[in-house]
Amino acid sequence: MSGTFFANLTSPPLLFFCLGLLATFARSDLDIPNPVAKAVSIYLLLAIGFKGGVALSESPFSVDVLLALGAALLLAAAVPVFVYFMISRWFDAADAAAVAATYGSISAVTFVTATHYLDSLGIAWGGHFVAAMALMEAPAIVVGLYLYRRSAGKGTEAGAGGVEETTLSELLREAFLNGSVVLILGSLLIGWVNGKDGMDQLAPFVKAPFVGMLCIFLLDMGLVAARRLRDLQAASSQEQSVPLTSMVGFAVLLPALNGSVALLLAVLAGMSEGDALLLTILGASASYIAVPAAMRLALPAANPGIYLTMALAVTFPLNIILGIPLFHLIIQIIAN
Amino acid sequence: MSGTFFANLTSPPLLFFCLGLLATFARSDLDIPNPVAKAVSIYLLLAIGFKGGVALSESPFSVDVLLALGAALLLAAAVPVFVYFMISRWFDAADAAAVAATYGSISAVTFVTATHYLDSLGIAWGGHFVAAMALMEAPAIVVGLYLYRRSAGKGTEAGAGGVEETTLSELLREAFLNGSVVLILGSLLIGWVNGKDGMDQLAPFVKAPFVGMLCIFLLDMGLVAARRLRDLQAASSQEQSVPLTSMVGFAVLLPALNGSVALLLAVLAGMSEGDALLLTILGASASYIAVPAAMRLALPAANPGIYLTMALAVTFPLNIILGIPLFHLIIQIIAN
Amino acid sequence: MSGTFFANLTSPPLLFFCLGLLATFARSDLDIPNPVAKAVSIYLLLAIGFKGGVALSESPFSVDVLLALGAALLLAAAVPVFVYFMISRWFDAADAAAVAATYGSISAVTFVTATHYLDSLGIAWGGHFVAAMALMEAPAIVVGLYLYRRSAGKGTEAGAGGVEETTLSELLREAFLNGSVVLILGSLLIGWVNGKDGMDQLAPFVKAPFVGMLCIFLLDMGLVAARRLRDLQAASSQEQSVPLTSMVGFAVLLPALNGSVALLLAVLAGMSEGDALLLTILGASASYIAVPAAMRLALPAANPGIYLTMALAVTFPLNIILGIPLFHLIIQIIAN
Amino acid sequence: MHPCKRIEIIVERSQIDRLGRLLAAAGAPDYTLIHHAGGHGDRGHRRADDVTDTDENCVFILAVEQDEVVAAVVEGVKPILQRVGGTCLVTEAVWTGS
Amino acid sequence: MHPCKRIEIIVERSQIDRLGRLLAAAGAPDYTLIHHAGGHGDRGHRRADDVTDTDENCVFILAVEQDEVVAAVVEGVKPILQRVGGTCLVTEAVWTGS
Amino acid sequence: MHPCKRIEIIVERSQIDRLGRLLAAAGAPDYTLIHHAGGHGDRGHRRADDVTDTDENCVFILAVEQDEVVAAVVEGVKPILQRVGGTCLVTEAVWTGS
Ligand SMILES: Nc1ncnc2c1ncn2[C@@H]1O[C@H](COP(=O)(O)O)[C@@H](O)[C@H]1O
Ligand SMILES: Nc1ncnc2c1ncn2[C@@H]1O[C@H](COP(=O)(O)O)[C@@H](O)[C@H]1O
Ligand SMILES: Nc1ncnc2c1ncn2[C@@H]1O[C@H](COP(=O)(O)O)[C@@H](O)[C@H]1O
Ligand code: NA
Ligand code: NA
Ligand code: NA
């Protein structure tokens with residue numbers, strides 16, 4: 001077991017992530033231009049979606065699939081609620097709602113890294129988890145904003161002075177028609193329609209270079225996470241509404257807690273080893289793309305220096321480096 | 001036959017195109033950044049050029065090749081003439097000339113999609129059609145501008161007030177040394193020089209990921225075409241020199257007509273099934289890159305809201321979704 | 001022998017480089033957007049680094065490796081010194097120092113092209129040369145600046161009027177933590193840690209599309225080098241501190257000279273055919289990325305129109321087209 | 001050539017659509033938009049090259065002739081700038097249009 | 001520090017070379033050029049991220065000292081703006097050059 | 001709405017960090033930064049699309065209220081502009097901030 005743990009630590013994607021962290025800490029000017037990172041991210045979402053769809057087309061639509069999708073939706077709706085109430089003593093209402101939404105949603109790259117972890121150990125996982133992931137991106141946004149508006153009283157956010165309030169339809173569109181959600185679900189559907197024949201055509205594209213693309217993306221994520229960590233250190237000297245220790249503390253605690261809740265659900269649903277790890281990691285991961293984009297629009301009072309930094313600078317590296325192998329260890333211990 | 005028609009409708013590239021259309025219509029913020037689209041387009045042009053060159057090096061330079069190139073040039077020169085006179089009652093001179101040039105030229109991505117369609121059905125096609133395609137990009141520009149200047153009388157376009165007129169050499173350079181023409185012809189030549197040995201080296205690059213890259217490009221084209229369609233709807237409320245129905249009508253009619261003319265030529269030249277489809281599609285397709293670039297320079301009086309929108313928002317999707325399989329059906333019917 | 005020479009002239013990467021040159025000279029608007037070139041460059045550095053690391057992990061750490069690294073460092077430190085004194089009669093101190101640093105450092109793409117040349121001839125080369133290359137990027141910067149400051153007298157560069165002088169630590173960071181150095185060395189380390197197992201995972205990424213990516217990068221380099229050559233012609237009419245003939249003369253002479261010195265070192269160290277060619281090419285090549293970046297910061301008095309143009313517009317094409325096969329010929333003659 | 005005001009509004013990327021609608025409503029539908037800008041302000045350093053687009057600024061440039069439209073734009077953006085940050089600069093200029 | 005005019009010309013990408021030649025001929029060869037801009041004008045919405053480059057704007061910024069050069073530039077761009085669209089703004093400024 | 005100066009500094013990419021430090025030291029830490037600009041000047045044509053980043057310009061935009069800070073910025077950039085080239089333009093403006 002410690003063997004697989006060590007194997008993960010030296011896998012190319014993880015090492016490239018660490019290279020990114022180190023490069024920034026050493027103040028190197030290594031940089032992945034934004035369009036390159038976008039290209040790699042489009043590739044990863046398309047590839048994981050397509051692979052998931054093909055996998056789904058090969059296994060019959062079963063109770064397992066429904067259970068997994070149900071568990072995912074339950075997590076996405078319930079996590080923000082208890083996170084919100086748990087942290088609202090330390091954060092003000094807007095920040096608490098944004099953090100709740102962030103941790104209720106998911107990080108696609110963390111998920112992709114977990115699937116690569118499983119693939120490299122030869123452990124099977126269900127293609128429907130790609131759908132589960134896509135389904136989990138949006139609901140937390142709606143739940144988080146609902147919690148905020150309830151607490152803040154209707155109309156607070158409706159700016160005096162003419163700033164139009166984000167309408168519900170605008171919000172739902174932002175949440176459910178977010179580019180990455182559409183790309184994953186669309187690719188999933190296309191993979192599902194095409195099945196094995198489609199995979200024969202696209203395998204050299206969606207499979208062969210996959211690990212390499214993941215390496216480049218994680219290299220970039222390492223650069224970005226480390227920059228955020230540095231900004232965090234710099235910010236710690238200024239006075240801030242939330243002390244640094246609370247931010248870092250919750251950014252470590254929440255993935256552990258949410259991951260455990262997800263793991264419990266996976267065990268209750270009798271999921272296989274691979275599926276259980278994926279659900280756990282979906283629970284533990286936090287969004288740094290879809291949720292912040294929606295929050296800036298609908299809840300600008302929340303400080304991205306808090307929720308985004310927690311998700312990107314602390315929780316993401318934690319999940320990538322420790323979360324995946326540790327949760328896997330726990331699952332293996334439970335299984336035996 | 002209807003089997004291949006359905007197969008085309010569910011092929012991954014076409015489905016990604018539809019995903020792009022749908023995403024924009026649903027007002028998702030899915031977006032392929034411009035440099036990513038440029039990268040994929042450079043890849044596609046290089047790969048199709050190189051593959052065409054290698055194919056050309058393997059078949060002896062025959063009468064077939066000369067016939068195909070001749071037919072292509074004839075189309076590129078003749079189509080703009082009859083299009084111009086056909087539509088000049090509905091469009092003013094500048095717009096008519098620009099539309100004529102647009103439909104006389106070709107769309108490389110439509111061509112590439114047609115080659116992928118043939119490849120996936122296992123139907124052979126001649127590598128020299130890549131050369132034919134490249135040769136067809138430019139002549140229509142020159143013909144279109146000639147028609148306009150003849151009709152408008154010399155000197156009209158030479159702006160009073162000091163705007164330099166586009167010189168002939170500037171125009172020919174813009175037309176014949178357009179980046180995409182140079183890239184395709186250059187890659188073709190390099191493929192031709194290198195032959196099968198070169199293909200052994202480059203196959204993992206120009207062949208393996210080709211379909212996947214086409215999927216990404218068509219996804220982007222779907223996004224772009226749908227945005228244009230939306231703009232078209234919006235514009236229909238404003239008063240415009242050309243009514244919306246004429247624009248859409250001709251954008252449907254012209255590919256059908258030009259494709260049929262090209263098909264006739266193909267039949268007269270006794271081309272094989274695959275070659276006939278390619279010539280037909282070259283005739284039916286319309287340029288949305290090289291020609292508009294040249295028109296903005298040499299004929300700014302023409303409204304890109306007309307010629308570019310017709311080519312991009314109507315003709316392109318039509319050819320991709322219906323044109324290719326329908327013309328193929330007709331070719332098969334004629335053959336039997 | 002002349003057979004391999006001709007084979008190199010028709011290899012796809014070289015022909016794409018020539019296509020780039022020709023396209024610019026013919027005033028085509030063919031263009032590779034900057035983020036695309038960056039993406040390809042990141043790919044090439046990562047791939048060559050990883051491949052070098054895996055190769056290193058398979059051969060025991062031997063005297064050969066130490067000798068090669070030592071020779072590389074010696075070259076990087078010694079070449080700028082004799083270049084500086086050789087040219088300082090024709091160039092002023094700042095320009096001489098910058099040219100010295102440029103030619104003491106290396107061009108990663110020239111190196112990569114040489115490895116591809118060897119691979120395509122089936123000639124073995126040591127993975128440690130990737131490390132040697134990375135080690136050679138930075139020292140020449142420090143040596144060049146030291147020579148300049150010594151000659152100019154301390155403090156000259158410390159601008160009156162409050163421009164902060166580049167501190168030593170800033171300079172060393174710029175030199176040794178340059179993005180490309182970090183990426184190559186990091187990938188090398190990761191390849192070395194992962195060994196053959198890692199290569200099994202990443203081969204479809206770092207090996208399969210490698211030649212194709214090199215083609216695209218050299219196409220861009222051809223465009224860029226030709227633009228610089230054109231600027232050079234234009235500049236030749238203006239009065240300049242250094243006459244055009246000196247610039248071009250030294251841009252031809254220096255790679256011949258430095259390459260010969262490196263070749264001598266390789267012969268003395270008893271290197272194999274492949275290794276000798278790589279060391280020679282490292283000596284002959286000149287930096288157009290890391291060094292100019294550092295010079296603009298630390299030695300703005302030097303004119304990039306001189307050192308950058310020499311490296312990019314003359315020496316780079318020369319090495320790619322003639323340098324590699326010619327030095328190979330010489331090595332083969334010496335060996336027999 | 002008409003005297004006009006040049007209005008320059010710097011906001012973060014997320015506000016582009018909202019600002020577009022606001023400008024149209026204020027009677028100033030025409031603008032030029034520069035994407036992918038970075039910057040530094042009260043909320044610290046912002047990089048245009050982050051994976052997460054919230055960290056990106058953009059620059060709207062507007063030429064507006066009527067003073068009441070200028071006032072409407074400035075009044076309209078003020079609450080956006082207050083809520084999400086950003087800057088609005090107005091300069092005297094002379095306009096040659098199409 | 002000299003008083004000067006800041007000229008800002010917004011045109012579509014296709015006109016870059018033509019405008020460059022025009023500026024040189026008008027005696028104002030030096031400029032800064034920002035690519036990939038979008039915008040909205042009489043010809044509707046323009047996106048900097050389209051496959052077809054005709055839909056992209058760019059911004060020229062010029063510092064010009066002599067009033068007659070300013071006039072030559074403004075006169076020179078006017079027909080371009082009229083034919084292909086775009087905007088030209090002139091502002092008073094103070095210049096510190098290299 | 002306060003009267004202020006709009007400072008626009010065009011320098012090459014290599015000077016971004018140096019200029020950032022200089023602005024902070026001069027008491028004007030806040031700015032907007034547009035990357036990937038090209039241009040033409042004494043050192044000839046500069047393209048934003050070269051493999052070698054030395055050939056790229058960028059544009060800093062600053063709104064500064066206090067005249068002494070404006071003076072400090074202008075004095076501070078002058079030697080940079082002299083050594084590496086570039087341009088600094090100062091315009092009168094009216095500022096609506098966050
Ligand atoms: N004084 C200023 N001058 C120019 N741009 C500014 C200024 N203050 C803020 N900005 C821009 O507005 C963005 C948001 O500002 P803030 O909300 O203060 O962080 C910054 O990232 C800058 O791009
Ligand atoms: N009033 C304006 N203020 C700023 N930019 C404008 C204005 N009008 C037009 N533009 C710019 O000029 C481009 C072409 O304008 P038009 O020809 O009117 O469509 C637009 O896409 C905008 O980028
Ligand atoms: N008169 C000017 N107006 C606008 N930008 C300028 C001007 N002169 C120089 N620049 C910009 O400053 C950069 C460096 O100028 P230089 O050092 O003169 O080559 C140029 O590439 C332009 O981007
Ligand atoms: Na989660
Ligand atoms: Na056609
Ligand atoms: Na060297």
Side-chain angles (χ1 to χ4, degrees), chain B residues 33-47 49-51 53-54 57 137-138 169-170 172-195 197-210 212-213 289-290 293-294 297, chain C residues 3-4 6-44 47 116-117 119-122 202-220 222-223 226:
Chain B
N34 182 281
V36 180
K38 286 267 169 67
V40 177
S41 148
I42 289 169
Y43 169 83
L44 290 176
L45 298 179
L46 190 155
F50 192 84
K51 289 198 283 188
V54 172
S57 78
E137 286 223 54
S169 83
E170 201 185 358
L172 291 178
R173 199 176 64 221
E174 182 69 27
F176 289 94
L177 292 176
N178 180 284
S180 57
V181 175
V182 169
L183 185 52
I184 299 170
L185 285 184
S187 306
L188 186 93
L189 213 75
I190 294 174
W192 185 70
V193 167
N194 274 274
D197 284 0
M199 188 47 100
D200 290 345
Q201 270 185 67
L202 280 181
F205 183 71
V206 300
K207 282 190 173 166
F210 193 80
M213 296 296 257
I289 293 185
L297 217 54
Chain C
T4 65
F6 181 74
N8 180 53
L9 280 183
T10 61
S11 81
L14 196 75
L15 287 177
F16 276 102
F17 181 69
C18 296
L19 179 60
L21 291 174
L22 284 177
T24 297
F25 287 138
R27 309 194 81 88
S28 162
D29 64 353
L30 181 56
D31 181 44
I32 310 282
N34 182 280
V36 180
K38 285 267 169 66
V40 177
S41 147
I42 289 169
Y43 169 83
L44 290 176
H116 170 253
Y117 172 86
D119 287 347
S120 68
L121 294 178
L202 280 182
F205 183 71
V206 300
K207 280 189 174 167
F210 192 80
V211 187
M213 296 296 257
L214 184 59
C215 288
I216 289 193
F217 199 78
L218 284 178
L219 173 61
D220 187 44
L223 296 168

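Proteins come first, then strands; the chains are lettered A, B, ... in the order of their sequence lines, and each starts at number 1.
- In terms of heavy-atom pairs under 4.5 angstrom with chain C, the leader among Ile42(B), Asn34(B), Leu202(B), Asn194(B) is Asn194(B).
- Side-chain contact between Glu137(B) and Ile289(B) is absent, with no heavy atoms from C-beta onward closer than 4.5 Å.
- Put simply, of Ile32(C), Leu15(C), Val36(C), the one with the most heavy-atom pairs under 4.5 Å next to chain B is Leu15(C).
- Asp31(C) touches chain B through its backbone: at least one of N, CA, C or O sits under 4.5 Å from a heavy atom, while the side chain does not.
- Just one of Leu183(B), Leu189(B), Val181(B), Val182(B) meets the side chain to side chain contact (heavy atoms under 4.5 Å, CB included) condition when paired with Leu185(B); it is Val181(B).
- Only the side chain of Val193(B) has a heavy atom closer than 4.5 Å to any heavy atom of chain C.
- Contact tally against chain B (heavy-atom pairs below 4.5 Å) for Cys18(C), Pro209(C), Pro12(C), Pro35(C): the top residue is Pro12(C).
- Aromatic ring centroids of Phe16(C) and Phe217(C) lie 6.0 Å or more apart.
- For NZ of Lys207(B), the number of neighbouring non-hydrogen atoms (other residues, nucleotides, ligands) closer than 6.0 Å is 12 at most.
- Contact count versus chain C (heavy atoms, under 4.5 Å) is highest, among Ala208(B), Gly198(B), Ser180(B), Ser187(B), for Ser187(B).
- Both tests pass for Lys51(B) against the ring of Phe210(B): distance under 6.0 Å to the centre and angle within 45° of the axis.
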